[in-house]
Amino acid sequence: MASDQITIRLPDGSTRDVATGTTAGDLAAEIGRNLRKAAVIADVNGVERDLVWPLEQGDEVAIITNRDDRGLYTIRHSTAHVLAQAVLDLYPGATFGIGPPIEDGFYYDFELPDGGHFHEDDLPRIEARMREIMGERQPFIRDELLADEARRVFKDHKYKLEIIDDASTDPMSATESGLVRTYENPPRFIDLCRGPHVEDTSTHLGHFKLMRVAGAYWRGDEKNPQLQRIYGTAWASKADLDAHLKRLEEAAKRDHRKLGVELDLFSFPDEIGSGLAVFHPKGGLVRMLMEDYSRQRHVAAGYDFVNSPHISKQELFETSGHLDWFADGMFPPMELDEGQRYYLKPMNCPFHILIYRSRLRSYRELPLRLFEFGSVYRYEKSGVIHGLTRVRGMTQDDAHIFCSKEQMGDELGSLLTFVLDLLRDYGLDDFYLELSTKPEGKAVGSDEEWDEATEALRAAAMTKDLELVMDPGGGAFYGPKISVQARDAIGRTWQMSTIQLDFQEPQRFDLSYIGADNERHRPIMIHRALFGSIERFFAVLVEHYAGAFPAWLAPVQARVLPISEGHEAYATRLADRLRAEGFRADLVEANEPLGGRIRKAKLEKLPYILVVGDDDVEHGTVGVNARGSERPERDVPVDDFVERLRADVAARV
RNA sequence: GCCCGGGUAGCUCAGACGGCAGAGCAGCUCACUCGUAAUGAGCAGGUCAGGAGUUCGAUUCUCCUCUCGGGCUCCA
């Protein structure tokens, strides 16, 4: 090795000798032209660096390209800087907060002079300015300043000054040397930033779109002033950007709120109140089918069915702790003549506990599993209500399992199996698990109890071959929880089932059972809901299936269309036969052209459209137009179709 | 709850310096009787979200309330 050379190591374990002073970008160029073109940043000894970073003897270097998530994040982050520059250009007196990359894009928070606001109409102008800045090919220049120098540079930007103050006192966010890092886009713009960034405002940027404006609290705290946030999406290529916009369109088409109207499933009449849904006949039928199957499975899994009222005296929720910890989420009380206060129930657990406590329990009864489709009411803040996924009145498929400490592990294991199995029957099969731990300051019980409960949940989760994600501080006030997250047909994740361990309420209600040793013992309580809420689960299914319910759930499974009046008698017999076989079939008479009737049935996303004409009357057959098929089938014997539909329903496809 | 933007027929949307409210689809009626995604004609459909104010006159301007959408915060 010549003295003016250094040796660096590549990710594949090989080494390479390069000239002293070689930068990460130079290295990429030496390896290949395409790599240089795709290179965004480099990973040098485990730290992300700009491509102009000079390499040193012995460095381990990986070039990160625009195909890598980290490269993409850098592109988004750099785009956010360009956004900030554009806004500061266009709005004299504006100041800025932070602007990180996020999933699919980026945002930047601003404060406009005199409490001004952005409007959606402003976005094209800002976007145009961003493209001008990109055209100027301004380099991203990294620098490190002493805190005092940085304070001078950002003297007009109070939020930046706050960040500098934090950085100079917080050892984690200061650089090793105690300096504050900045990135400059000369000649006009400089920002506090850890970096890294793309080389200049032209390279890799440009495949972006500003999406929306929003208010956002400074540092996410609702006590802080609200800043003006601009969201954008940014990608490595035009094709990726277009694909993303197309995905959004597809998601909008599946929106359960839109499909709920189009398919006549449910509505939210203003007269009832925000977040309170009514289910129409078709939605009600789907819901009934969902519930019926769930009931059937719960019977098979050894659950007992109970019922409880929607309201209760205050004392119950004092004992349970809800009024201490959950009062904000409850509707205000109803005052009765004699001064008695009643509350709408926000949860079912206290009621099930009273059923448990209605008499002395023996260890022979455990585990005791009490199930109810229980309607609960929660006072959600007006701004958070969203379709069926966030409502003020909902029905949970709720059960509380009372068991001994010894039974807890097995019970949690079989419960998780049950949950995943049932969700699969509803067509969801891509899951991960999330473990939510103690919410500090908002929890009852000792650390030891929480640790023990959390460990029990973790142990049960580990027996499943699924990814486990931690959610620190996300537990309920009475105990930790595991939630099952499901990915739908277009890859979005939804929180579905929750399983919560509770050592608290059994104590508060002084629950006990008589053990084999003839002593009193405290049972463990497991709260669990598989759908979460029926309303939310219904919404998820609507979106997952884009409204095209599988035959077992479809409100109408088959529609019979006679070609002309002469075929109506045969068509009626066919529809009657299907109904007699237990299917949901209807018939639309021939008073408009066949094409129009077919179109309507297609828009209703029915699994099967059955067309009958002369041939069918003569041969006892049916024309079958199956949803999603290329072309209709002719001359299908009615018995064959009946078997086919029966098989679809049985297979839940 | 907070910030921004909306609410006109069942749905999707147009409209007006403040002066009798418009279309397509859906609905109803009649005609057509048809082999796989829109048959034709006609009819009906509205306190322009609700309330107050300004005005000779308000769906239009102002304020309040309700409600929806996008975010923030929070969550099943």
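For the numbers below, each heavy atom of this structure counts, side chains included, while hydrogens, waters and symmetry mates do not. The sequence lines fix the lettering, A, B, ..., with proteins before strands; numbering per chain opens at 1.
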Base, sugar-phosphate, or nothing: which does [X] touch, judged by heavy atoms less than 4.0 Å apart?
X	result
Asp221(A)	nothing
Gly383(A)	base
Lys258(A)	nothing
Gly623(A)	base
Asp328(A)	nothing
Ala590(A)	base
Gly613(A)	base
His567(A)	nothing
Phe268(A)	nothing
Arg378(A)	base

base_contact_polar ([N] base, [X] side chain, donor-acceptor, <3.5 Å):
X	N	value
Arg390(A)	C74(B)	yes
Glu222(A)	C72(B)	no
Glu262(A)	A26(B)	no
Lys381(A)	U73(B)	yes
Glu565(A)	U33(B)	yes
Asp270(A)	G50(B)	no

Which nucleotide in [options] has an atom nearest any side-chain atom of [X]:
X	options	answer
Ile563(A)	A37(B), G71(B), G35(B)	G35(B)
Val391(A)	A76(B), U73(B), A37(B)	A76(B)
Glu380(A)	A37(B), A76(B), U36(B)	A76(B)
Gln396(A)	A37(B), G70(B), A76(B)	A76(B)
Ser533(A)	A76(B), G71(B), U36(B)	A76(B)

Going by an N to O cut-off under 4.0 Å, is there a salt bridge joining Arg378(A) and Asp328(A)? no
Sticking with atom [atom1], work out how far [N] lies from [M], rounded to a whole angstrom.
N	M	atom1	result
A38(B)	G15(B)	C1'	27 Å
C13(B)	G6(B)	C1'	14 Å
C32(B)	G70(B)	C1'	48 Å
A14(B)	G53(B)	P	31 Å
A21(B)	G45(B)	C1'	13 Å
U59(B)	G7(B)	P	16 Å
G51(B)	U47(B)	C1'	12 Å
C28(B)	C34(B)	C1'	22 Å

Using only heavy-atom distances, determine whether the side chains of [X] and [Y] contain a donor-acceptor pair under 3.5 Å.
X	Y	answer
Asp488(A)	Trp494(A)	yes
Arg424(A)	Tyr426(A)	no
Tyr293(A)	Asp425(A)	yes
Asp109(A)	Tyr159(A)	no
Ser320(A)	His322(A)	yes

Side-chain N,O ([X]) to OP1/OP2 ([N]) below 4.0 Å:
X	N	answer
Lys600(A)	C25(B)	no
Ser274(A)	C66(B)	no
His386(A)	G69(B)	no
Thr498(A)	A76(B)	no
His117(A)	C3(B)	no
Tyr217(A)	G71(B)	no
Arg257(A)	G70(B)	yes

Expressed in angstrom and rounded to an integer, what is the separation of [X] atom [atom1] from [N] atom [atom2]?
X	N	atom1	atom2	result
Met496(A)	C75(B)	CE	C1'	14 Å
Glu271(A)	U67(B)	CD	C1'	10 Å
Arg229(A)	G70(B)	CZ	P	16 Å
Arg528(A)	A76(B)	CZ	P	16 Å
Glu604(A)	A26(B)	CD	P	13 Å
Tyr608(A)	A37(B)	OH	P	18 Å
Glu120(A)	G6(B)	CD	P	10 Å
Phe118(A)	C3(B)	CZ	P	17 Å

Could you identify the nucleotide paired to [N], looking across every strand shown and requiring Watson-Crick or G-U wobble geometry with both distances under 3.5 Å?
N	result
C2(B)	G71(B)
G22(B)	C13(B)
C32(B)	none
G46(B)	none
C66(B)	G7(B)

Please say which of Gln500(A), Gln396(A), His400(A) ends up in a side-chain hydrogen bond (donor to acceptor under 3.5 Å, both in side chains) with His527(A). His400(A)
Let me know which of Lys602(A), Arg631(A), Glu633(A) forms a side-chain hydrogen bond (donor to acceptor under 3.5 Å, both in side chains) with Asn625(A). Lys602(A)
Give a yes or no on whether the backbone of Val540(A) and the side-chain of His544(A) come within a donor-acceptor separation of less than 3.5 Å. no
For Leu227(A) and for Ile385(A), locate the closest nucleotide of RNA chain B by heavy-atom distance; then report the residue assigned to the nucleotide nearer the 5' terminus. Leu227(A)
Of Gly215(A) and Lys481(A), the one whose nearest nucleotide on RNA chain B sits closer to the 5' end is Gly215(A)
Would Arg125(A) and Tyr91(A) count as a cation-pi pair here, with the cationic atom under 6.0 angstrom from the ring centre and within 45° of the axis? yes
